[in-house]
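These numbers were taken from a predicted model, which means no experiment stands behind them. Below, chains carry the letters A, B, ... as their sequence lines are ordered, and counting in each starts from 1.
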Amino acid sequence: MSSYIYFEDDGIKYLESTKKEYVDLCLCFCGIEVCKSSHSFGPAIREQYIIHYILDGKGIYKVGDKVYNLEKNQGFLICPGDLTYYEADNDDPWTYIWVAFNGIKSEQYLKYANLSHENLIFESNHKELLKDYVLDMLKINRMRNCDELRLQGLLYLFLSTISDSVDYNVSENKDLSYTLYIEKSIEFINNNFANNIKVTDIANYVGLNRSYLSSLFKKSLNLSPQEFLLSVRMNKAYELLKKLELSIGDVSRSVGYIDPLTFSKTFKKYSGYSPKQYRENLYKNNL
DNA sequence: GTATTTAGGCATCAATCACG
DNA sequence: CGTGATTGATGCCTAAATAC
C-alpha cells in the first residue's frame with residue numbers, strides 16, 4: 001500500500017503525504033535558538049508533538065491556566081491541539097532546542113519518558129547529547145533515502161535519551177510485569193529460533209534467572225521455555241517442509257538445528273513422522 | 001554416488017525442588 | 001526473586017543402514 005495519495009482538485013493534481021497515519025514515528029521539524037529577552041511564541045496550537053529542551057537560561061510555558069517556570073536542563077512537551085504560549089525570561093532568556101514529530105507510536109514513546117497530557121515537564125542531564133542530536137538533524141538537508149533513515153535514527157536517539165532518567169517502575173503492577181517478561185521472551189524466540197539459541201539465552205535477554213523464567217512460563221503458558229521454543233521451531237519446520245526445493249538439511253538449519261540428524265530425531269518425536277515421511281504425506285494428500 | 005534416517009555414547013543443558 | 005544440586009532431557013558426534 002502506498003503511503004501517498006493523489007488528489008485531483010479543479011484540474012490540479014497534487015501529492016499529499018498520508019504517512020503520519022501509518023508510520024511509527026516521523027520527524028516534522030527541529031531547531032535551536034538563542035532567544036532574545038522576552039522572545040515569545042503563541043498562544044497558538046500545533047499539529048505535532050513538540051519537545052523543547054532548555055540548554056541555558058530561563059522562561060515560562062503556559063498551557064491553559066497552568067504556568068510553568070522552567071530553566072536549563074528542563075524541557076516541556078506541547079501536545080497537538082493544545083493552546084500554548086511560551087516566553088523567554090527578560091534577564092536570563094533561554095536557549096533551547098526543539099524537535100517536532102508525529103506518528104502512531106508517539107504517545108507510547110512519550111510515555112517511556114513519563115510524558116503525557118498529565119505531565120508535560122521533564123528533566124534531563126544529557127544536555128550535550130541532546131544538543132548534538134539536534135545539530136546532526138539540522139546538518140541533514142538533502143532529500144535522500146539515507147538521510148530519511150538518519151533523521152529517524154536521531155529522533156529515536158533523542159527520545160531514548162530523555163527517557164533515560166526515568167526509573168523503570170516494575171512494581172506498579174505485578175501481573176503486568178511478569179507477562180511483560182513472557183512477551184519479551186516470546187519476541188526473542190520468534191526473532192531467534194533459527195539461531196541455535198538456548199533457554200539460557202532467553203533468560204539472559206530478559207535479565208532473569210533461567211529457573212525463575214521457567215516458572216513464569218509454566219505459570220502463564222503452562223509450557224516450559226524449552227517446550228515453547230520447540231513448538232515454534234517445529235511449526236516453522238512444518239511450513240518449510242512444504243517447500244519441496246528445500247532439503248531436510250536446509251529446513252533443519254533454518255529452524256536452528258545445526259545437525260540435521262538431531263532435527264530429524266526431534267521432529268519425529270514431536271510429530272510422529274520423520275521429516276521425509278511428513279513431506280511425503282503432504283504430497284499424497286495434495287494429489 | 002547423495003540424501004536421509006537410526007542407534008548409541010557422551011557432554012551439556014533444562015526443569016524442578018529445596019532453601020535463603 | 002535468585003542459587004545450587006539433582007535428575008532427566010537434549011544436542012552433537014560417529015558409525016552404519018536404507019532409499020533413490
*Asks:* Could you tell me how far apart A:K276 (NZ) and B:dT6 (C1') are, to the nearest whole angstrom?
*Replies:* 14 Å

*Asks:* Atom CD of A:Q277 and atom P of C:dA19: how far apart are they, to the nearest Å?
*Replies:*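 Taking atom P of C:dA19 as the reference, CD of A:Q277 is at 12 Å.
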
*Asks:* Among residues at least two apart in sequence or on other chains, which ones pass side chain to side chain contact (heavy atoms under 4.5 Å, CB included) with A:N90?
*Replies:* A:S37, A:S38

*Asks:* Please state whether the phosphate of B:dT6, meaning OP1 or OP2, lies under 4.0 angstrom from any side-chain nitrogen or oxygen of A:K268.
*Replies:*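 Yes, A:K268 has a side-chain N/O under 4.0 Å of OP1/OP2 on B:dT6.
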
*Asks:* Rounded to the nearest angstrom, tell me the gap between atom CG in A:L229 and atom C1' in C:dT10.
*Replies:* 12 Å

*Asks:* Can you measure A:I248 atom CD1 to B:dT2 atom C1' for me and round it to whole angstrom units?
*Replies:*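 A:I248 atom CD1 is separated from B:dT2 atom C1' by 14 Å.
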
*Asks:* Give one of base, sugar-phosphate or nothing for A:T262, where a contact means two heavy atoms less than 4.0 Å apart.
*Replies:*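 Base contact - A:T262 has a heavy atom under 4.0 Å of at least one base atom.
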
*Asks:* With a 4.0 Å cut-off, would you call A:D147 and A:R150 a salt bridge?
*Replies:* no

*Asks:* Counting the atoms with a prime plus P, OP1 and OP2 as sugar-phosphate, which does A:P275 contact under 4.0 Å by heavy atoms, base, sugar-phosphate, or nothing?
*Replies:*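 Touches sugar-phosphate only.
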
*Asks:* Taking only side-chain N and O atoms of A:T266, does any of them lie within less than 4.0 angstrom of OP1 or OP2 on C:dT10?
*Replies:* no

*Asks:* Specify the separation, in whole Å, of atom OH of A:Y257 and atom C1' of B:dT5.
*Replies:*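 Computing the A:Y257:OH to B:dT5:C1' distance gives 16 Å.
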
*Asks:* Any chance you could list the contact pattern along nucleotides 7-20 of chain B? Use B for base contacts, S for sugar-phosphate-only contacts and - for none, protein heavy atoms under 4.0 Å, 5' to 3'.
*Replies:* BB----SBBB----

*Asks:* Please, which pairs that meet side-chain hydrogen bond (donor to acceptor under 3.5 Å, both in side chains) have at least one residue in residues 52-63 of chain A, sequence neighbours excluded?
*Replies:* A:H52-A:Y86, A:Y53-A:N73

*Asks:* Round to the nearest Å and state the distance from A:K269 atom NZ to C:dA9 atom C1'.
*Replies:* 7 Å

*Asks:* Between A:F267 and A:Y238, what is the ring plane arrangement, given parallel below 30°, perpendicular above 60°, and tilted in between?
*Replies:* perpendicular

*Asks:* Does the side chain of A:I51 come within less than 4.5 Å of A:L110's, by heavy atoms?
*Replies:*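 Yes, at least one pair of side-chain atoms sits under 4.5 Å.
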
*Asks:* Do A:K72 and A:L55 come within less than 4.5 Å of each other through their side chains, counting heavy atoms only?
*Replies:*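 A side-chain contact under 4.5 Å is absent here.
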
